[in-house]
Number of protein chains: 2
Amino acid sequence: MRGNLFAVAVDLVVLTVRDAELCALLVRRDTPPFTGRWGLPGGFVLPHEDLLDTATRRLSEETGLALHGHHLEQLASYAAPDRDPRGRVLTVGHIAIVPRPPEPIAGADASGTAWHPVAKLIDGAAADALLAFDHGRILADGVERAQSKLEYTTLAASFCPPEFTVTQLRHVYEAVWRRSLDPRNFHRKVTGAENFIEPTGETAIRDRGRPAQLYRRGTATLLHPPLLRP
Amino acid sequence: MRGNLFAVAVDLVVLTVRDAELCALLVRRDTPPFTGRWGLPGGFVLPHEDLLDTATRRLSEETGLALHGHHLEQLASYAAPDRDPRGRVLTVGHIAIVPRPPEPIAGADASGTAWHPVAKLIDGAAADALLAFDHGRILADGVERAQSKLEYTTLAASFCPPEFTVTQLRHVYEAVWRRSLDPRNFHRKVTGAENFIEPTGETAIRDRGRPAQLYRRGTATLLHPPLLRP
DNA sequence: GCAAAAGTGTTCTCGGTACACCCATGG
DNA sequence: CCATGGGTGTACCGAGAACACTTTTGC
């Protein structure tokens, strides 16, 4: 068909919120190229796999978390001729959103697998050079996608455990957007949005202050009306 | 590195507005597979090319239009194992926006190259089966992307010639969204948006009615505030 | 009772919609 | 002067921001 062929890989921007910070999962590379540098989890697409199959498989292999209910979507493809010193490799970036997982990461097949706050990886002056390959760019694109999808979809709930409070949900928005929001207006907006979250009837146990109502994810995927960044 | 390699192609959803309809450029295939069927223009990525290079080259080869100022962006990648009967082919879909071009299409290297209204290609019951490969899906994704980008970017101006009237711009919105808009409110919104369009000082010649002010594209790429679909 | 956090009500303002109205041209 | 389309003014309405206020718990 054509003489010039590509290896095709999938890379994952796996995002979660820990301690009020948006974090990405990185693996320390133990083989060339870029040995010793941090990079995105990922791997090559096998003969029978579609792209999301590969992404799902690698996510479970590297985090030990099966993808039940976790959000996973394609981001963009990267294929600059010189992006991999080994030869022509096209990678399809994906973003995955997971609730804060138990630690250490169970079942990970890479020894050096850790969560890193994205702020330092993106804002820094020489941020591009911190990660292997063009993973700094892919990470930045993934974070931007997540930030904008919080506005008009219910993606934020994917960062939360099955049952959560409105305040927890607000902390997700604040961590991803890196802005603080008015708790009172936020409360009204998310409880007013159609099928964004639905009350369980239970309340959360707290050390002090009024107990908060618990909610679970609703059926909506699009937000009407959207929650725009200030 | 890995035994399983892919051919990598680029496919183009080239959009324009003709006679108040959103149209896509299709080519009639004269080689297998899908001989005789319509498909998106596109081609394989050459060894030295990045994805946008291939897209730019194929756009100019198939439409005769150089990409000066035309909008071109990546859409998504498609790599289902059975999407091409010849073997494993990954294609990176792109969308290109062009002003209404002179006809017939000059310099096209494919004899059967024609504009088709997208409505019939997408709405129809068996719309998926009309085009070669998974091009029906790629086209639908491209149209959806264009529709949503009209809301929060200045993309609509890319459908217009260098100088245009507010009414022409409104016809773009109406064709892409397939909704009619209030001409008076539309006028105020687009002339009020920062750096969306700027007046040339000239007026358009009309057969009847008050002459319209001419505008050119402004410097903004994002729309503040956005123009939301009703 | 007091502190702390959840949740509600009220006011102001701004952007969207609907639509009446005026302007500039050809015939 | 009339038809036609370009462009402006205005009144209403709903959503967002700011913030005072009430509720429910632990100590």
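It should be emphasised that the depicted structure is a prediction, and the values quoted were computed from it without experimental measurement. Protein chains get the first letters and strands the later ones, always in sequence-line order, with residue 1 at the start of each.
Whole-Å rounding puts the A:Lys189 NZ to D:dA18 P distance at 10 Å. Regarding A:Leu169, its CG atom lies at a distance of 19 Å from the P atom of C:dA5, rounded to whole Å. The distance between atom CD of B:Gln213 and atom C1' of C:dC23, rounded to the nearest whole Å, is 14 Å. If you take CD of B:Glu151 and C1' of C:dG15, they are 15 Å apart, rounded to a whole angstrom. Spacing between atom CG of A:Leu223 and atom C1' of D:dA15 amounts to 14 Å, rounded to whole angstrom units. The nearest whole Å value for the distance from the CD atom in B:Glu202 to the P atom in C:dA24 is 17 Å. Here D:dG5 presents its P atom at 17 Å from CD1 of B:Ile205, a figure rounded to the nearest Å. When rounded to the nearest whole Å, the span between CZ of B:Phe186 and P of C:dG16 equals 13 Å.
Residue A:Glu163 qualifies as enclosed at atom CD: its count of foreign heavy atoms under 6.0 Å is above 12. A 6.0 Å sphere centred on CD of B:Glu198 holds more than 12 heavy atoms belonging to other residues, nucleotides or ligands.
Rounding to the nearest 0.5 angstrom, the gap separating the CG atom in A:Leu214 from the CD1 atom in A:Ile197 is 10.5 Å.
Between B:Thr203 and B:Pro230, the residue whose closest nucleotide on DNA chain C is further toward the 5' end is B:Pro230. Comparing A:Arg184 and B:Arg206, the nucleotide of DNA chain C nearest to each residue sits closer to the 5' end for A:Arg184.
Note on B:Thr167: only backbone sugar-phosphate atoms sit closer than 4.0 angstrom, heavy atoms only; bases stay farther off. Nucleic acid contact class of B:Asp207 (heavy atoms, under 4.0 Å, all strands): sugar-phosphate only.
Put simply, the side chain of B:His135 does not reach to within 4.5 Å of the side chain of B:Arg37, judged on heavy atoms. Put simply, the side chain of A:Leu40 does not reach to within 4.5 Å of the side chain of A:Thr91, judged on heavy atoms.
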Quick test: give all pairs of protein nitrogen or oxygen and nucleotides 10-14 of chain D nitrogen or oxygen below 3.5 Å, distance rounded to 0.1 Å.
{"unit_1": "D:dT10", "atom_1": "O4", "unit_2": "B:Arg188", "atom_2": "NH1", "d": "3.0"}

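In this structure, the nucleotide among D:dG7, C:dA18, C:dG7 sitting nearest to the side chain of B:Val166 is D:dG7. With C:dT17, D:dG6, C:dA5 as the candidates, the nucleotide lying closest to the side chain of A:Arg208 is C:dA5. Counting only heavy atoms from C-beta on, B:Asp182 has its side chain closest to C:dC19 among D:dC19, C:dC19, C:dA6. Of the listed nucleotides (C:dA6, D:dT8, D:dG6), D:dT8 has the atom at the smallest distance from the side chain of B:His187. Listed nucleotides D:dT24, C:dG16, D:dG5 differ in distance to A:Pro211; the shortest reach to its side chain belongs to D:dT24.
One finds no salt bridge joining A:Asp141 and A:Arg145 here, because no Lys/Arg side-chain nitrogen approaches an Asp/Glu carboxylate oxygen to under 4.0 Å.
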Would A:Leu72 and A:His94 count as a side chain to side chain contact (heavy atoms under 4.5 Å, CB included) if you check the C-alpha gap in whole Å, the side-chain angles of each, and the deciding distance to 0.1 Å?
CA-CA 7 Å; A:Leu72 178 62; A:His94 287 71; 4.1 Å; yes

